[in-house]
Amino acid sequence: MFPSADTLRKSMGAMTPVPFAPSPVDSSPKGVDLYARFAFAGAVCCAVTHGALTPVDVVKTRIQLDPVTYNRGMLGGFKQVIANEGAGALLTGFGPTAAGYFLQGAFKFGGYELWKKTFVDYVGPEAAAQNRTAIYLASSAIAEFFADVALCPLEATRIRLVSQPTFANGLLGGFGRILREEGVLRGFYSGFGPILLKQIPYTMAKFVVYERVAESIYASIPTPKSELSNGTNTAINLGSGLVAGAAAAIISQPADTLLSKINKSKGAPGEGIMSRLVKLAGELGPRGLFLGLGARIVMVGTLTAGQFAIYGDIKRVLGATGGTEIGKSSH
């Protein structure tokens with residue numbers, strides 16, 4: 001009835017052992033690790049691009065603050081600064097620019113990715129796809145608010161150094177002098193209102209235009225996004241960023257001019273920020289508010305294109321590919 005011992009041994013010996021195959025482990029970053037990588041990529045892309053364009057920003061700021069003297073356009077402004085103060089003056093404010101935008105970029109890009117996912121999780125994928133423009137706008141606005149809290153003290157220092165070259169000998173000296181003489185709120189955050197008026201519309205336009213332009217480009221290409229070469233994806237990031245930067249520059253130009261003006265000097269005792277803004281806007285008029293627009297379009301368009309290209313490349317190198325995509329660009 002039962003098999004013999006010899007029969008069992010022969011049957012067992014004939015069986016082929018099956019090797020153990022462990023299930024694949026997903027090693028891609030998630031949670032805090034993922035968003036820390038987004039933040040780092042954003043910090044580097046903003047610090048590099050804003051730092052590299054410091055000479056352009058110096059000339060733009062001079063045109064805004066002293067249009068009577070600097071009235072020869074962008075190229076003429078470069079020549080005037082070099083002739084009057086030497087080539088080194090074009091790097092005035094480099095320290096606070098790089099440091100400020102490193103912090104701002106971390107909060108901006110990392111926060112944008114975080115809030116975008118938060119909204120998608122809240123409303124669900126279908127509703128998110130139908131309302132993706134609203135999600136892009138809301139996510140970028142919230143992220144930029146917190147980014148500006150970090151940026152404002154360093155931006156105030158940068159503008160003071162550019163507008164008053166003898167004010168201090170660099171970031172630490174300028175920062176310390178403003179803190180001693182004017183305090184935190186009046187010294188560093190008197191421009192918080194205008195910086196919000198400039199940066200929030202700028203960032204909203206920047207991200208929504210970038211997302212929609214990139215989505216349109218990917219939709220027009222038959223090859224899925226995941227199968228495109230790294231060079232092709234970088235080129236799409238550059239092109240989309242260039243369009244986004246030009247749109248963002250135009251939208252935020254009036255507030256950028258007011259920010260330069262309000263940080264140029266101390267306010268009168270007891271004078272509120274909003275009353276200063278209204279007074280300055282009335283003095284400048286529509287034409288004055290758009291002084292330096294051409295230079296700023298060149299600067300911001302180039303800067304934004306570079307940011308998105310660098311951001312995408314650093315994310316890829318860091319393996320931070322788990323971001324939330326709402327559009328149909330991935331086919």
Side-chain angles (χ1 to χ4, degrees), residues 33-61 88-114 140 143-162 168-175 178 188 191-192 195-196 198-200 202-203 206-207 210 234 237-238 240-242 244-245 248-249 252 256 259-260 263 295-296 298-320 323:
D33 184 20
L34 176 63
Y35 289 95
R37 298 182 192 210
F38 288 148
F40 179 75
V44 173
C45 79
C46 286
V48 169
T49 51
H50 280 277
L53 286 171
T54 296
V56 178
D57 203 35
V58 168
V59 175
K60 174 190 71 71
T61 303
L90 293 173
L91 292 178
T92 303
F94 175 80
T97 296
Y101 283 97
F102 186 90
L103 288 174
Q104 193 236 25
F107 282 98
K108 177 188 288 188
F109 281 86
Y112 175 71
E113 299 282 3
L114 176 63
S140 57
E144 184 60 44
F145 176 85
F146 291 105
D148 290 341
V149 173
L151 172 66
C152 202
L154 292 157
E155 180 70 354
T157 304
R158 179 195 71 80
I159 291 176
R160 191 68 63 88
L161 292 174
V162 172
N169 59 2
L171 167 58
L172 294 179
F175 192 94
I178 293 174
F188 293 131
F192 189 58
I195 209 172
L196 289 178
K198 179 187 85 167
Q199 288 294 133
I200 288 182
Y202 160 78
T203 300
K206 167 179 168 176
F207 278 105
Y210 166 80
T234 299
N237 286 336
L238 277 169
S240 304
L242 190 63
S252 60
D256 183 64
L259 179 64
S260 295
N263 278 315
R296 192 158 183 268
V298 171
M299 175 185 168
V300 175
T302 305
L303 178 147
T304 306
Q307 281 181 1
F308 281 112
I310 295 170
Y311 181 63
D313 288 347
I314 294 179
K315 283 200 304 178
R316 185 176 65 250
V317 169
L318 295 177

Considering all heavy atoms of both residues, which atom of [X] and which atom of [Y] are nearest to each other, and what is their separation?
{"X": "A168", "Y": "G174", "result": "CB-N, 3.3 Å"}
{"X": "G111", "Y": "A143", "result": "C-CB, 3.6 Å"}
{"X": "C46", "Y": "F109", "result": "SG-CE1, 3.6 Å"}
{"X": "G93", "Y": "T54", "result": "C-CG2, 4.5 Å"}
{"X": "A305", "Y": "L242", "result": "CB-N, 3.6 Å"}
{"X": "A47", "Y": "A98", "result": "CB-O, 3.7 Å"}

Do [X] and [Y] have side chains that get closer than 4.5 Å, going by heavy atoms?
{"X": "K315", "Y": "E113", "value": "yes"}
{"X": "T157", "Y": "F188", "value": "yes"}
{"X": "L171", "Y": "L161", "value": "no"}
{"X": "Y210", "Y": "T304", "value": "no"}

Original post:
Would Y35 and F38 count as a close aromatic pair, with their ring centres under 6.0 Å?
Top reply: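 Here the rings of F38 and Y35 have centres that are less than 6.0 Å from each other.
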Gap between atom [atom2] of [Y] and atom [atom1] of [X] - 0.5 Å precision:
{"X": "C45", "Y": "F102", "atom1": "SG", "atom2": "CZ", "value": "10.5 Å"}
{"X": "T234", "Y": "I310", "atom1": "OG1", "atom2": "CD1", "value": "10.5 Å"}
{"X": "T97", "Y": "E155", "atom1": "OG1", "atom2": "CD", "value": "7.0 Å"}
{"X": "T203", "Y": "Q104", "atom1": "OG1", "atom2": "CD", "value": "6.5 Å"}
{"X": "L196", "Y": "Y202", "atom1": "CG", "atom2": "OH", "value": "15.0 Å"}
{"X": "L154", "Y": "F175", "atom1": "CG", "atom2": "CZ", "value": "6.0 Å"}

**OP:** Give a yes or no answer on whether the side chain of R37 reaches the backbone of L318 with a donor-acceptor pair at less than 3.5 Å.
**Re:**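 Here the side-chain-to-backbone pair exists.
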Original post:
Would you find a donor on one side and an acceptor on the other, under 3.5 Å apart, between the side chain of R296 and the backbone of A249?
Top reply: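 Present.
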**OP:** For the pair Y112 and F207, name the ring-plane relationship: parallel under 30°, tilted 30 to 60°, perpendicular over 60°.
**Re:**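 It falls in the parallel class, under 30°.
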Original post:
Within a radius of less than 6.0 Å around CZ of F192, do more than 12 heavy atoms belonging to other residues, nucleotides or ligands occur?
Top reply: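 More than 12 heavy atoms, drawn from other residues, nucleotides or ligands, come within 6.0 Å of this atom.
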**OP:** Report, as yes or no, whether the 6.0 Å neighbourhood of atom CZ on F107 holds more than 12 heavy atoms from other residues, nucleotides or ligands.
**Re:**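 At most 12 heavy atoms, drawn from other residues, nucleotides or ligands, come within 6.0 Å of this atom.
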Subject >> Carboxylate-amine/guanidinium contact K206 E144, below 4.0 Å >> reply: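 Here K206 does not pair with E144 in a salt bridge, since their nearest N and O are not under 4.0 Å apart.
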